[in-house]
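Report on the following structure.
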Amino acid sequence: MNEQNAGGARQRSVEIVVPVYNEAHVLAGSVGRLHAYLESSFPFPFTITVADNASTDATWQAALDLTQRLPHVHAVHLDAKGRGRALKHVWSRSEADVVAYMDVDLSTGLEGFLPLVAPLLSGHSDVAIGSRLHRQSAVQRGAKREFISRSYNLLLKAGLAALPHSRLRSSGGTPTSDAQCGFKAVRTEVFRALAPHIEDTAWFFDTELLVLAQRNRLRIHEVPVDWIDDPDSRVDIVRTALDDLKGMRRMFKQTITGRARIAAVPHRTRTTTPVLPAGAPATSAEHLEYAS
């Protein structure tokens with residue numbers, strides 16, 4: 001996946017994972033739209049991986065059909081459910097420099113994808129998240145869903161506030177506003193260091209990743225997004241909230257015992273090899289690179 005541009009410089013690459021469970025009815029249209037957008041507008045090499053979480057409908061066959069029809073599309077099948085399980089499986093094995101994911105309904109505007117991953121490709125940040133609750137975000141959803149979402153995030157923040165040094169903040173120092181938005185990215189080598197310490201295999205996976213990043217002084221970049229609610233969403237918010245409370249209790253124990261600190265997290269160093277998009281000439285401009 002790591003290609004070279006016309007000037008001979010190695011291009012940074014991105015792998016986007018789309019976790020799915022029984023989404024045969026929307027998979028082809030969503031992945032086709034994502035693929036078309038990236039091919040026309042994204043200036044870096046990319047791969048789209050459909051991660052089937054033990055679907056019981058025709059999702060896996062639809063995913064296989066996409067791999068035959070579209071370049072840069074791959075598919076993996078897992079025998080158990082769980083968004084976190086799918087992301088951990090694919091991200092840990094990725095050859096890309098940056099790994100990302102988005103929900104199959106593409107509720108988040110694709111125009112936000114390059115702003116999401118650019119700080120990671122350039123070396124400025126380690127983790128990037130989209131936020132529906134950022135003051136500059138544009139969100140379309142019903143009053144009930146809005147109330148539930150904001151209440152849930154307040155509950156989550158209250159729980160995290162009890163964890164020493166675990167209040168989630170962006171690279172600008174402001175508190176991150178939406179830990180559960182399905183639009184995130186992380187540098188692959190950073191994720192590999194964090195992955196063995198992430199225990200959740202479902203929805204709390206995102207928050208656990210962010211808390212570990214915060215505890216290990218990694219830079220978190222937040223992007224306001226344009227977001228349209230999917231009326232077909234099957235997330236059980238009550239059960240998710242209860243599971244997340246259990247996750248926060250577990251992370252509290254980890255923080256108290258010091259297990260949230262990870263010695264092998266990569267650190268930033270200086271280099272003179274530029275990060276360049278497709279078609280850009282090589283230069284000697286200095287930028288931030290990473291070394292393990």
Side-chain angles (χ1 to χ4, degrees), residues 17 19 21 51 53 78 80-94 98-103 116 120 125-133 149 152-171 175-223 235-266:
V17 180
Y21 173 73
N53 283 128
L78 287 84
K81 294 172 61 176
R83 180 174 74 180
R85 177 179 284 107
L87 295 178
K88 192 171 187 178
H89 178 87
V90 180
W91 283 1
S92 297
R93 294 162 174 79
S94 180
V98 170
V99 287
Y101 91 91
M102 61 183 68
D103 294 333
L116 182 80
L120 310 185
S125 300
D126 303 294
V127 180
I129 68 174
S131 173
R132 297 161 294 186
L133 302 180
S149 178
Y152 172 77
N153 275 279
L154 286 173
L155 176 65
L156 191 61
K157 287 181 180 180
L160 293 175
L163 303 180
H165 310 294
S166 294
R167 292 186 179 183
L168 297 178
R169 293 186 178 274
S170 69
S171 57
T176 58
S177 57
D178 190 358
Q180 287 292 339
C181 181
F183 199 64
K184 291 185 177 67
V186 58
R187 292 197 302 110
T188 307
E189 60 178 342
V190 166
F191 179 75
R192 289 195 181 114
L194 299 179
H197 306 270
I198 301 175
E199 297 183 22
D200 193 81
T201 59
W203 301 99
F204 193 68
F205 174 93
D206 295 50
T207 304
E208 197 165 352
L209 170 65
L210 294 177
V211 171
L212 285 172
Q214 181 76 23
R215 288 288 293 154
N216 289 277
R217 303 183 185 278
L218 297 172
R219 284 180 178 170
I220 301 175
H221 176 71
E222 185 175 48
V223 177
V235 178
D236 185 336
I237 294 184
V238 174
R239 179 172 179 176
T240 298
L242 292 174
D243 289 344
D244 286 1
L245 287 173
K246 295 177 184 177
M248 284 184 276
R249 182 176 61 184
R250 174 169 47 77
M251 292 216 71
F252 182 81
K253 293 180 180 178
Q254 290 180 343
T255 302
I256 294 300
T257 60
R259 287 186 295 147
R261 292 288 189 183
I262 303 169
V265 175

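FYI, side chains are in, hydrogens and waters are out, and symmetry mates aren't considered; it's all heavy atoms of this structure.
What you find for Phe191 and Ser92 is that their closest heavy atoms are CE2-OG, 3.5 Å. Here the shortest heavy-atom pairing between Asn53 and Ala86 reads ND2-CB, 3.4 Å. In this structure, Ala51 and Val90 approach most closely via the heavy-atom pair CB-CG2, 4.3 Å. Between Ala128 and Leu116, the shortest heavy-atom distance links the atoms CB-O, 3.1 Å.
Note: Asp200 CG to Asp206 CG = 9.0 Å, rounded to the nearest 0.5 Å. Taken to the nearest 0.5 Å, the CD1 atom of Ile220 stands 10.5 Å off from the NZ atom of Lys184. If you take CG on Leu210 and CD on Glu222, they are separated by 10.0 Å, rounding to the nearest 0.5 Å. Here Glu199 contributes atom CD and Leu212 contributes atom CG; the two are 9.5 Å apart, rounded to the nearest 0.5 Å. Annotation: the span from Trp203 atom CH2 to Glu208 atom CD amounts to 15.5 Å, rounded to 0.5 Å.
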Point to revise | Arg83 and Tyr21: CA distance, side-chain angles, deciding distance, side chain to side chain donor-acceptor pair (under 3.5 Å) verdict | key: CA-CA 9 Å; Arg83 180 174 74 180; Tyr21 173 73; over 6 Å; no
Practice item. Starting from the C-alpha separation in whole Å, work towards a yes-or-no answer on side chain to side chain contact (heavy atoms under 4.5 Å, CB included) for Phe204 and Val211. Key: CA-CA 11 Å; Phe204 193 68; Val211 171; 5.9 Å; no
Check your understanding: Run the side chain to side chain contact (heavy atoms under 4.5 Å, CB included) check on Asp126 and Val186 step by step: do they pass?
Key -> CA-CA 6 Å; Asp126 303 294; Val186 58; 5.9 Å; no
Point to revise | side chain to side chain contact (heavy atoms under 4.5 Å, CB included) evaluation trace for Tyr101 with Phe183 | key: CA-CA 6 Å; Tyr101 91 91; Phe183 199 64; over 6 Å; no
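Looking only at side-chain heavy atoms (C-beta outward), Leu87 and Pro19 come within less than 4.5 Å of each other. No side-chain heavy atom of Pro266 sits less than 4.5 Å from a side-chain heavy atom of Arg192. Side-chain atoms of Val17 and Val99, non-hydrogen and from C-beta on, never get closer than 4.5 Å to each other. Inter-residue side-chain proximity for Ile129 and His221 is flagged as unmet; no heavy-atom pair is nearer than 4.5 Å. For the pair Arg219/Val127, no side-chain contact is recorded, criterion being any heavy-atom separation below 4.5 Å from C-beta on.
Lys88 places a side-chain N or O within donor-acceptor distance of the main-chain N or O of Ile198, the cut-off being under 3.5 Å.
Checked against side-chain contact (heavy atoms from CB on, under 4.5 Å), Arg85 has the following partners two or more places apart in sequence or in another chain: Leu78, Ala80, Thr201.
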